[in-house]
Every structure is written in C-alpha cells, then in structure tokens.
2 protein chains.
Amino acid sequence: MSAAPELLFRTLADPTRRAIFERLCREGEQTVGALTARSGVSQPAVSKHLGALKQAGLVRDRHEGRQTHYSAQPGALNPLIDWTSQMAGFWQNRLDALDDLLKRMDQ
Amino acid sequence: MSAAPELLFRTLADPTRRAIFERLCREGEQTVGALTARSGVSQPAVSKHLGALKQAGLVRDRHEGRQTHYSAQPGALNPLIDWTSQMAGFWQNRLDALDDLLKRMDQ
DNA sequence: CATACCCATAACCCTGTGGTTATGAATTAT
DNA sequence: ATAATTCATAACCACAGGGTTATGGGTATG
C-alpha cells in the first residue's frame with residue numbers, strides 16, 4: 001500500500017491551497033505575487049501553501065531574479081488516480097464475484 | 001466549478017477515515033463493531049468517521065436489528081476522477097498549445 | 001422483567017494547522 | 001549608497017476537528 005495518497009489528500013484538502021494548484025494547472029506558471037493578488041489571503045499564507053504543494057511534488061519553483069515562478073506538476077496526481085481506480089476496482093471485483101455466485105446458484 | 005470535490009478531499013484526507021473506506025471497498029459490507037475491531041480507535045470515533053463518510057455520500061448504512069451495516073458507495077468518487085482528469089487536461093491543453101506554437105515557429 | 005449488547009450522540013480536551021503581522025535576505029531601481 | 005521590490009521565515013493566535021469517556025436508545029437474550 002503506497003503512502004503517496006496520504007500526502008496528496010492532505011495537501012489538496014485545503015480549499016485555498018487547492019485553488020492555487022488549480023490556477024497553476026489552468027493558467028500555467030505564475031509568480032508568488034500574481035498568485036497572491038487573487039488568492040484572498042496574505043502573501044506569507046500563499047508562500048506557505050506553495051511550500052506544502054512543493055513538498056507534495058505538486059508544483060515546481062524556478063527562481064528568476066527576485067521573483068519565484070511556480071508551475072503545476074500534474075504527474076504528481078498519478079497516485080491519486082491509482083488509488084481511486086483501485087477503490088473502484090475492488091468494488092467491481094466484489095460485484096463480479098457476486099455475479100458468479102448468482103450464476104452458479106442459478107444453474 | 002463543482003463544489004463536490006471539496007467535501008470529498010476533506011473527507012478522505014483523514015487517514016483513519018480513509019482506511020475505513022478502503023476496508024469497505026476491499027471487503028464489502030461491515031458492521032460498526034467489525035470496523036472498530038481493527039481500526040485502532042474507539043467505537044464512537046469510528047461512528048463519527050462513518051457519519052462523515054455518509055455525509056460525503058461515500059458509504060451507505062443499513063440497519064438490521066441492533067447492528068448497523070455500512071458499505072462503500074464508490075460512485076461517489078466520480079467527482080474526484082473528474083477533477084483530477086480536468087487538472088491533467090488543462091496541463092495537456094497548455095502543452096498542446098505550446099506544441100502548436102513551436103510548430104508554427106518552425107515552419 | 002432484567003440484563004447484556006450494539007451503536008449513536010454529547011461533552012470535553014488537545015493537537016495540528018491555516019491565518020495573521022513582523023521581519024529579514026536577496027535583488028532591482030534611483 | 002539608498003530605497004524599493006519580492007519572497008521566505010519566524011512568532012504567534014484562533015479555530016476546526018479528531019480523539020477520548022460517559023451516556024442513552026433500541027434490540028436481542030436469559
């Protein structure tokens with residue numbers, strides 16, 4: 001059981017943080033200032049969220065002069081996709097098993 | 001922008017709660033007692049988690065005598081899948097746009 | 001009827017964390 | 001050199017929420 005989904009779920013659970021990640025996905029690379037402008041929270045708050053996103057592998061940062069550009073790293077979402085399809089898969093398996101059982105009872 | 005992922009992310013962010021949901025997905029319907037037995041937390045804690053999962057639409061409950069059976073409702077994961085693929089999609093679109101740009105510059 | 005069992009709710013505690021302001025380091029501009 | 005800017009970090013506060021114990025309602029059992 002991979003521990004990866006843990007960090008991803010926790011990181012994406014916060015609305016402000018998820019909004020930042022969404023913006024980076026939609027609009028591409030952004031500076032901290034640009035992100036702060038429409039985030040509704042202070043710049044230090046944004047920096048902390050970006051730190052969390054970075055630690056989860058969801059964003060990359062690139063320093064250019066005195067500003068830092070952040071960009072989404074959507075490959076990091078893969079463990080999330082894996083986990084979700086795994087859960088759906090377990091369910092499907094049990095459904096198939098039930099189906100088999102019914103068929104065997106039927107004959 | 002659907003508000004559905006919000007509740008899902010928040011609900012699945014807690015490890016104990018997610019573990020309960022995973023068990024229900026893997027092993028099918030379970031009573032509260034059975035879930036409590038291997039959860040590492042008290043029965044009221046499990047009940048609260050089940051309440052949260054239920055409110056998020058992730059589980060169903062079925063009363064039978066004095067015990068309550070819970071089962072996973074994996075269809076509730078769909079908004080999560082939608083959100084994830086949407087994020088990946090935005091990224092892909094911007095990648096395609098860049099690709100187009102490079103091609104046009106190339107000719 | 002009395003007792004034991006299963007679960008949900010209430011009341012409470014305590015930690016984690018998202019928010020703030022204050023400040024500093026690094027870079028650019030005057 | 002001085003001032004202004006961009007961002008990160010530190011220190012602190014307040015609250016959400018996950019944990020506990022205590023309790024009660026409903027159901028099976030003796």
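The analysis underlying the following values was restricted to heavy atoms, covering all of them including side chains, and did not include hydrogens, waters or symmetry mates. Numbers restart at 1 for each chain; the letters A, B, ... are given by sequence-line order, proteins then strands.
With sequence neighbours excluded, the residues that form a side chain to side chain contact (heavy atoms under 4.5 Å, CB included) with B:Q73 are B:R60.
B:I81 and A:L77 fall into different hydrophobic clusters, where Ile, Leu, Val, Met, Phe, Trp and Tyr are joined by side-chain heavy atoms under 4.5 Å apart, directly or via other members.
Proximity of B:H49 to the phosphate of D:dG17: no side-chain N or O atom is located under 4.0 Å from OP1 or OP2. Considering only side-chain N and O atoms, A:S42 lies under 4.0 angstrom from the phosphate OP1 or OP2 of C:dT20.
The interatomic distance linking B:R18 (CZ) with D:dG18 (C1') rounds to 14 Å, in whole Å. Here the C1' atom of nucleotide D:dC7 and the CD1 atom of A:I20 are 14 Å apart, to the nearest Å. Atom CD of B:Q55 is separated from atom C1' of D:dG17 by 13 Å (rounded to the nearest Å). Atom-to-atom, CZ of B:R10 to P of C:dT17 comes out at 16 Å; the value is rounded to the nearest Å. B:L12 has its CG atom 16 Å from the C1' atom of D:dG18, to the nearest Å. At whole-Å resolution of the value, CD in B:E64 and C1' in D:dG26 are 15 Å apart.
No more than 12 heavy atoms of other residues, nucleotides or ligands lie within 6.0 Å of CD in A:Q55, so this atom counts as exposed by the packing criterion.
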Any protein N or O atoms within reach of nucleotides 1-8 of chain C? Criterion: under 3.5 Å, listing atom names and distances.
residue : atom : partner : partner atom : Å
C:dC5   : O2   : B:R66   : NH1          : 3.2
C:dC7   : OP1  : B:V32   : N            : 3.3
C:dC7   : OP2  : B:G33   : N            : 2.7
C:dC7   : O3'  : B:T68   : OG1          : 3.2
C:dA8   : OP1  : B:Y70   : OH           : 2.7
C:dA8   : OP2  : B:S47   : OG           : 2.5
C:dA8   : N7   : B:Q43   : NE2          : 2.7
C:dA8   : N6   : B:Q43   : OE1          : 3.3

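A:T36 comes within contact range of no nucleotide atom at all, as no heavy-atom separation falls under 4.0 Å.
Residue order along DNA chain C, read from the 5' end via each residue's closest nucleotide, puts A:R17 first among A:G65 and A:R17.
Between B:R62 and B:S71 there is no side-chain heavy-atom pair separated by less than 4.5 Å.
For the residue pair B:S39 and B:V46, the shortest heavy atom distance occurs at OG-CG2, 3.4 Å.
Rounding to the nearest 0.5 Å gives a distance of 11.0 Å between CZ of B:R18 and CG of B:L53.
Side-chain atoms of B:K48 and base atoms of D:dG17 include no donor and acceptor less than 3.5 Å apart.
The aromatic rings of A:W83 and B:F21 lie tilted to each other, with the angle between the two planes from 30° to 60°.
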